[in-house]
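Just so it is clear, the structure is predicted and the values come from calculations on it, not from any experiment. Throughout, protein chains are lettered first and strands after them, A, B, ... in sequence-line order, and every chain is numbered starting at 1.
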Number of protein chains: 2
Amino acid sequence: MLSFVEENYLKAIYHLSNSGAEAVTTNALAEEMHTTPASVSDMVRKLSKKEVVHYKKYQGVNVSEEGKLIALRVIRKHRLWEVFLVQKLDFNWDEVHDVAEQLEHIKSPLLIQRLDEFLGFPKYDPHGDPIPDENGQFTESKREALSNTETGTTGVVVAVEDSGTAFLKYLDKVGISIGSKITVDDIIEFDGSMDITIDQKKSITVSKTVANNIWLA
Amino acid sequence: MLSFVEENYLKAIYHLSNSGAEAVTTNALAEEMHTTPASVSDMVRKLSKKEVVHYKKYQGVNVSEEGKLIALRVIRKHRLWEVFLVQKLDFNWDEVHDVAEQLEHIKSPLLIQRLDEFLGFPKYDPHGDPIPDENGQFTESKREALSNTETGTTGVVVAVEDSGTAFLKYLDKVGISIGSKITVDDIIEFDGSMDITIDQKKSITVSKTVANNIWLA
DNA sequence: TATTTTTTTTAGATAAACCTAAACAGTATC
DNA sequence: GATACTGTTTAGGTTTATCTAAAAAAAATA
């Protein structure tokens with residue numbers, strides 16, 4: 001049985017190795033965990049002894065098969081709680097993260113099973129991120145960053161890459177949410193910004209940075 | 001901000017001083033917390049420095065006004081989560097305690113406020129124990145043990161004294177739950193057992209022991 | 001290739017929550 | 001009132017997760 005802290009490290013390692021380099025460096029992990037490289041070295045050695053990560057000195061870390069499953073179960077809990085908070089308790093999607101960060105560590109398989117059922121077995125969280133099942137399996141879906149599409153493309157927003165408050169507030173302001181239908185009207189070559197129409201009503205221009213953070217399907 | 005462990009000590013001190021002696025002894029607290037008297041001494045000194053308990057060496061402990069409010073807020077969270085587990089996630093009332101023991105330490109005033117609202121501002125948990133408000137105030141209610149009533153009395157079950165699995169299973173079997181309407185048809189003087197009617201439908205006989213553990217209002 | 005810089009690890013310390021063993025305070029018994 | 005007993009506290013040690021400072025390894029640069 002892993003501690004809260006160990007679970008959080010595992011989640012961070014899984015997350016980092018899923019978004020870039022194959023081996024997660026000590027410094028990157030220290031930054032992600034808001035701690036020092038020295039602390040990371042200690043913890044990683046401990047996780048390695050528990051066989052939930054693969055680790056060789058100076059070579060970075062990666063989750064083991066067992067560690068990956070543990071990380072995915074924590075992610076599952078996190079995302080199910082986010083659905084609960086938004087759908088049942090009327091939280092805004094930018095208010096849920098800190099609370100879900102706590103709730104994800106509650107240990108009770110029955111609780112998660114019942115919560116899943118209560119929520120109607122959701123497959124995506126309020127940010128559009130997929131919810132793995134208890135075996136760590138995702139319901140696969142093809143998706144594409146808005147910034148990768150061509151003029152004339154139409155798609156539905158299924159996820160956002162950046163879950164930070166600032167970005168979500170911006171999306172609320174311009175009227176984009178999960179489920180919004182977006183049509184690409186024009187792409188400005190100069191800076192990669194895009195003219196888009198939201199739900200066939202409102203037309204706006206979004207920067208390349210914004211377009212990079214919106215997933216369509 | 002208190003740690004999980006400190007919150008649990010505070011809850012235990014509050015609980016013990018509310019059910020017996022005025023000053024809680026080190027040994028009693030050690031037993032309640034499943035730890036050693038030495039550990040209790042350490043912790044109590046620490047809580048005293050934080051001014052959440054009153055403590056003089058060799059004289060036992062008691063919660064301070066501030067400590068009492070903290071303890072009551074933890075109890076509030078515990079009981080609200082119990083209501084959630086039973087009402088929304090279909091837990092049996094004898095399955096909720098361990099999970100609520102974890103959930104009670106989640107720190108988010110907004111979460112508790114919204115949960116309270118979602119549950120319809122319940123005043124009692126599934127065992128009939130009263131839920132304090134955020135200021136530690138209980139909604140007072142007059143209640144009476146079934147065993148203390150007279151023939152002809154009608155009342156609603158508002159609480160059970162014994163929350164053990166065996167008793168709760170028995171109540172489920174005979175069809176008594178919180179909210180059941182009970183009419184006292186006859187009292188057998190010989191052993192104090194009672195003939196009662198449940199919800200104006202089913203008539204059964206309950207022993208004095210059972211009647212002692214059911215609260216009516 | 002030698003040297004500098006960056007990254008990573010180790011060494012040694014700290015705080016929280018616990019432990020065992022020993023000392024001390026308070027109470028009961030003779 | 002001295003002695004024994006029980007209850008409580010202190011002393012010293014452990015584990016977990018952190019830190020700073022220093023050492024070691026790897027990478028970058030001259």
(request) Give a yes or no on whether a salt bridge exists between B/E7 and B/R73, defined as a side-chain N under 4.0 angstrom from a carboxylate O. (result)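 So B/E7 does not pair with B/R73 through a salt bridge.
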
Whole angstrom value for the distance that separates [atom2] of [N] from [atom1] of [X]:
X: B/R45; N: C/dA16; atom1: CZ; atom2: C1'; answer: 12 Å
X: B/N8; N: C/dC18; atom1: CG; atom2: P; answer: 9 Å
X: B/D42; N: D/dT9; atom1: CG; atom2: C1'; answer: 9 Å
X: B/M1; N: C/dA16; atom1: CE; atom2: P; answer: 15 Å
X: A/M43; N: C/dT8; atom1: CE; atom2: P; answer: 18 Å
X: B/K56; N: D/dT8; atom1: NZ; atom2: C1'; answer: 17 Å
X: B/L29; N: C/dC18; atom1: CG; atom2: P; answer: 11 Å
X: B/N27; N: C/dT27; atom1: CG; atom2: C1'; answer: 14 Å

(request) Please work out if B/T26 contacts a base, only the sugar-phosphate, or nothing of the nucleic acid, heavy-atom cut-off 4.0 Å. (result)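 If one applies the 4.0 Å heavy-atom cut-off, B/T26 turns out to touch the sugar-phosphate alone, with no base involved.
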
Which nucleotide sits closest to the side chain of [X]: [options]?
X: B/T25; options: C/dT9, D/dT8, D/dC19; result: D/dT8
X: B/A38; options: C/dT10, C/dT20, C/dG26; result: C/dT20
X: A/T35; options: D/dT9, D/dT18, C/dT9; result: D/dT18
X: A/T36; options: D/dT20, C/dT10, C/dC18; result: D/dT20
X: A/P37; options: C/dT9, D/dT10, C/dC18; result: C/dT9
X: B/Y58; options: C/dT8, C/dC18, D/dT9; result: D/dT9

Would you say [X] reaches [N]'s phosphate, i.e. side-chain N/O to OP1/OP2 under 4.0 Å?
X: A/Y9; N: D/dT16; result: no
X: B/K57; N: D/dT10; result: yes
X: A/S41; N: C/dT8; result: no

(message) Taking the cut-offs as 6.0 angstrom to the six-membered ring centre and 45 degrees off its axis, would you call B/K88 and B/F118 a cation-pi pair?
(response)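 Relative to the ring axis of B/F118, which defines the angle, B/K88 lies inside both limits.
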
(request) Using the closest heavy atom to pick a nucleotide of DNA chain D for each, name whichever of A/F4 or B/G60 lands nearer the 5' end. (result)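 Nearest-nucleotide comparison on DNA chain D picks B/G60.
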
(request) Find out whether B/I70 and B/E6 are in side-chain contact, i.e. whether some heavy atom of one side chain is under 4.5 Å from a heavy atom of the other. (result)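 They are not in contact (no side-chain heavy atoms under 4.5 Å apart), so the answer is no.
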
(message) Is it the case that over 12 heavy atoms from other parts of the model lie below 6.0 angstrom from the CD atom of A/E51?
(response)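 Not more than 12 within 6.0 Å, no.
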
(request) Scan side-chain atoms only and decide if B/N27 and B/T25 contain a donor-acceptor pair under the 3.5 Å cut-off. (result)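 The criterion, which ignores hydrogens and geometry beyond distance, is not satisfied for B/T25 and B/N27.
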
